[in-house]
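Heavy-atom basis, side chains included; hydrogens, waters and symmetry copies ignored. Here, residue 1 is the first one in the sequence, and each next residue gets the next number.
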Amino acid sequence: MAHINQNFEKLPGSYLFAEIARRTAEYKEAHPDADIIRLGIGDVTLPLIPAVRQAMHEAVDEQADAATFKGYGPYEGYDFLREAIAEHDFAARGVDVEPNEIFISDGAKSDCGNIVDLFALENKVAVCDPVYPVYVDSNALAGRAGEYDVDAEMWTDIYYMPTTAENGFCPALPLEDVDLIYLCSPNNPTGTVLTHDQLKMWVDYANDHDAIILFDAAYERFITEEGALHSIYEVEGAKSCAIEFRSFSKTAGFTGMRCGCTVIPECLVRQGQSLNEMWMRRQSTKFNGASYIIQKGAAAIYTPEGHRQVEESLDYYRENARVIKEGLEDAGLEVYGAVNSPYVWCKTPGGMDSWTFFGKLLDEAQVVTTPGAGFGPAGEGYIRLTAFGDAEQTKEALRRIKAIL
């Protein structure tokens, strides 16, 4: 008899965004003429920039010629992309990251889930609360989260760190030893950023306790404020304690193309083992590398023309974020994020729970958002809105929301 992984049975309900899709589809079926505007899931709407499209067309043409055809690529990614990332994303900011410390993947979400393969089950995991669900669910599936407490809406073996307005969206150092620490800045879902001093506090803790920081920097290109960090490696000592995840999904519109990277410094060693070498071994066993065509497209964003075009797309979404933030504030709501992030974190009015407010906005304004409760206990009482929609539809959504409030 084949035995299943019973950790699947412990997962509460469905994945957050699948549940949002289900409820939205149910509403649409009951109201076929409804003009629904989606500000929930963080999916981009602008097409791929011309520089990326041209590079991918050229790569396709290469595949039609035996002299330039590419079959299996390097598990860790092609050198042309790893070198571009090292130069433009790190060296340009005075950060020493070598190409051989960069591993190209099919997206940050995949790597955030797969990284748990490197760590023993007895490791204590700490997550910010609210939290991107993948951090928790991937550890739950591996058997590292314990049991799910339905009443508390928490996993018994996960250490939750409240990351709220009350503490300036910076979690306090844990009251017990933890081994794996998930940090995300700019944060998903709150849209807030951690300062240098706040990150230095965590780097010092990790080095003092031989812990590992799993740092999600998927939204770093949205940062506009001077002094905000784009990488945890801008903090002294981070290379000996941190793994960083980066993505082309939201910065260059690759949500459907799938490409990102994970940075694992060569000096990151635990119990005599190089995590860089372990990840290479894991990838070569379970992953055949991101597509050559996709990687050529990703490399194009580092050309002068590609950089300019990406910034134009980012400015479009930044303007949407401003419209959402200011519109909600005009409606008298308490709002966070948006300045360095495509996400707007909004407190629900009158103490309404987040799924109820989600339903109200869907029923009365035909606007889809993301309930904060789906991100953890501390997310209750909030909703998340995304700036990745069409500009005119975003303005219309805010007109509708203000009308019903």
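- Remark: Glu83 pairs with no residue by the salt bridge (Lys or Arg N to Asp or Glu O under 4.0 Å) rule, at least two apart or across chains.
- Separation of atoms NZ (Lys10) and CG (Asn5) is listed at 8.5 Å; rounding is to 0.5 Å.
- Below 30°, between 30° and 60°, or above 60°: for His31 and Tyr27 the angle between ring planes is below 30°, a parallel geometry.
- When all heavy atoms are compared, the tightest approach of Val97 to Ala86 is O-CB, 3.5 Å.
- Heavy-atom minimum distance, Gly71 versus Tyr78: O-OH, 4.2 Å.
- Looking at Ser354, its side chain never comes within 3.5 Å of a backbone N or O of Pro371 through a donor-acceptor pair.
- With respect to Asp390 and Lys395, no salt bridge is recorded, no charged nitrogen being found less than 4.0 Å from a carboxylate O.
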(message) Please determine whether side-chain hydrogen bond (donor to acceptor under 3.5 Å, both in side chains) holds for the pair Ser274 and Glu266, giving the CA-CA distance in whole Å, both sets of side-chain angles, and the decisive distance to 0.1 Å.
(response) CA-CA 7 Å; Ser274 163; Glu266 287 193 318; over 6 Å; no
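- Looking only at distances, a side-chain donor or acceptor of Thr370 sits under 3.5 Å from a matching main-chain atom of Gly40.
- For the atom pair CG (Leu173) and CG (Asp208), the distance works out to 10.0 Å, reported to the nearest 0.5 Å.
- Checked against the 6.0 Å centroid threshold, Tyr75 and Phe287 do not count as a close aromatic pair.
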(message) Evaluate Tyr182 against Val131 for side chain to side chain contact (heavy atoms under 4.5 Å, CB included), listing each step before the verdict.
(response) CA-CA 9 Å; Tyr182 287 85; Val131 59; 5.8 Å; no
(request) In sequence, state the C-alpha distance, the side-chain angles, and the governing distance for Gln6 and Ile4, and then conclude on side chain to side chain contact (heavy atoms under 4.5 Å, CB included). (result) CA-CA 6 Å; Gln6 294 185 346; Ile4 64 168; 4.2 Å; yes
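- In this structure, Gln295 contributes its side chain and Ala290 its backbone to a donor-acceptor pair below 3.5 Å.
- The cationic group of Lys347 lies under 6.0 Å from the six-membered ring centre of Tyr382 and within 45° of the ring axis, placing it in a cation-pi geometry.
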Side-chain donor-acceptor distances from residues 50-61 under 3.5 Å, at least two apart:
| unit_1 | atom_1 | unit_2 | atom_2 | d |
| --- | --- | --- | --- | --- |
| Arg53 | NH1 | Leu48 | O | 2.3 |
| Gln54 | NE2 | Glu58 | OE2 | 3.2 |

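- Heavy-atom minimum distance, Leu275 versus Ile264: C-CG2, 3.7 Å.
- In terms of heavy-atom proximity, Phe254 sits nearest to Cys259 at CD2-CB, 3.8 Å.
- The ring-ring contact (aromatic ring centres under 6.0 Å, His included) search around Phe245 returns none, not counting sequence neighbours.
- In terms of heavy atoms, Ala387 sits closest to Asn320 at O-ND2, 3.0 Å.
- Salt bridge Glu277/Arg281: absent, no basic N to carboxylate O contact under 4.0 Å.
- With a 6.0 Å cutoff to the six-membered ring centre and a 45° limit on the axis angle, Arg23 counts as a cation-pi contact of Trp355.
- In summary, Arg93 and Asp89 do not engage in a salt bridge, as defined by a charged side-chain N under 4.0 Å from a carboxylate O.
- Ser105 and Asp111 form a side-chain donor-acceptor contact under 3.5 Å, judged by distance and modelled atom types alone.
- The shortest non-hydrogen separation linking Asn7 to Leu141 is ND2-O, 3.2 Å.
- Although no hydrogens or angles enter the test, the distance criterion places no donor-acceptor pair under 3.5 Å between the side chain of Glu19 and the main chain of Leu16.
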(request) Might you work through the side-chain hydrogen bond (donor to acceptor under 3.5 Å, both in side chains) test for Thr163 and Asn187, ending with a clear yes or no? (result) CA-CA 10 Å; Thr163 308; Asn187 184 269; over 6 Å; no
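- Although no hydrogens or angles enter the test, the distance criterion places no donor-acceptor pair under 3.5 Å between the side chain of Asp353 and the main chain of Glu380.
- With Arg144 contributing its side chain and Glu122 its backbone, the two residues share no donor-acceptor pair below 3.5 Å.
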(request) Decide yes or no on side-chain hydrogen bond (donor to acceptor under 3.5 Å, both in side chains) for Glu334 and Tyr336, but give the supporting numbers first. (result) CA-CA 7 Å; Glu334 188 176 325; Tyr336 302 93; 2.3 Å; yes
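- A salt bridge is defined here as a Lys NZ or Arg NE, NH1 or NH2 lying under 4.0 Å from an Asp or Glu carboxylate O, and Asp117 with Arg282 meets this definition.
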Which atom pairs, donor and acceptor, lie under 3.5 Å between side-chain atoms of residues 217-224 and protein residues at least two apart or in another chain?
| unit_1 | atom_1 | unit_2 | atom_2 | d |
| --- | --- | --- | --- | --- |
| Tyr219 | OH | Lys250 | NZ | 3.0 |
| Tyr219 | OH | Tyr343 | OH | 2.8 |
| Glu220 | OE1 | His230 | ND1 | 2.8 |
| Glu220 | OE2 | Arg246 | NH2 | 3.0 |
| Arg221 | NH2 | Glu311 | OE2 | 3.1 |
| Thr224 | OG1 | Val339 | O | 3.1 |
| Thr224 | OG1 | Asn340 | OD1 | 3.4 |

(request) For the pair Phe215 and Trp202, evaluate side chain to side chain contact (heavy atoms under 4.5 Å, CB included) and give the outcome as yes or no after the intermediate values. (result) CA-CA 11 Å; Phe215 187 75; Trp202 280 104; over 6 Å; no
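- Without hydrogens or angle criteria, Asp204 side chain to Met201 main chain gives no donor-acceptor distance under 3.5 Å.
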(request) Please assess Thr303 against Glu305 for the test side-chain hydrogen bond (donor to acceptor under 3.5 Å, both in side chains), listing each intermediate value before the final yes or no. (result) CA-CA 5 Å; Thr303 64; Glu305 189 64 13; over 6 Å; no
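- For Tyr132 and Phe375, the distance between ring centers is not under 6.0 angstrom.
- Asp79 pairs by the salt bridge (Lys or Arg N to Asp or Glu O under 4.0 Å) definition with Arg82, not counting sequence neighbours.
- Under 3.5 Å, the side chains of Glu244 and Ser231 contain a donor-acceptor pair of N or O atoms.
- A salt bridge links Asp315 with Arg318: the distance from a Lys NZ or Arg NE/NH1/NH2 to an Asp or Glu carboxylate oxygen falls below 4.0 Å.
- With hydrogens and angles ignored, the 3.5 Å screen pairs no side-chain donor or acceptor of Tyr317 with any backbone N or O of Ser341.
- The side chain to side chain contact (heavy atoms under 4.5 Å, CB included) check on Thr369 picks up Phe358, Leu361, Val367, Ile383, Leu385, with sequence neighbours excluded.
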(message) Asp35 vs Arg400, test: salt bridge (Lys or Arg N to Asp or Glu O under 4.0 Å). Steps then yes/no.
(response) CA-CA 11 Å; Asp35 178 20; Arg400 295 181 190 179; 2.9 Å; yes
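- Heavy atoms of other residues, nucleotides or ligands lying less than 6.0 angstrom from CD of Glu176 number more than 12.
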(message) Using the rule given for side chain to side chain contact (heavy atoms under 4.5 Å, CB included), can you reason through Lys239 versus Glu101, listing the C-alpha separation, both sets of side-chain angles and the distance that settles it, and then say yes or no?
(response) CA-CA 10 Å; Lys239 292 192 74 174; Glu101 298 176 317; 3.2 Å; yes
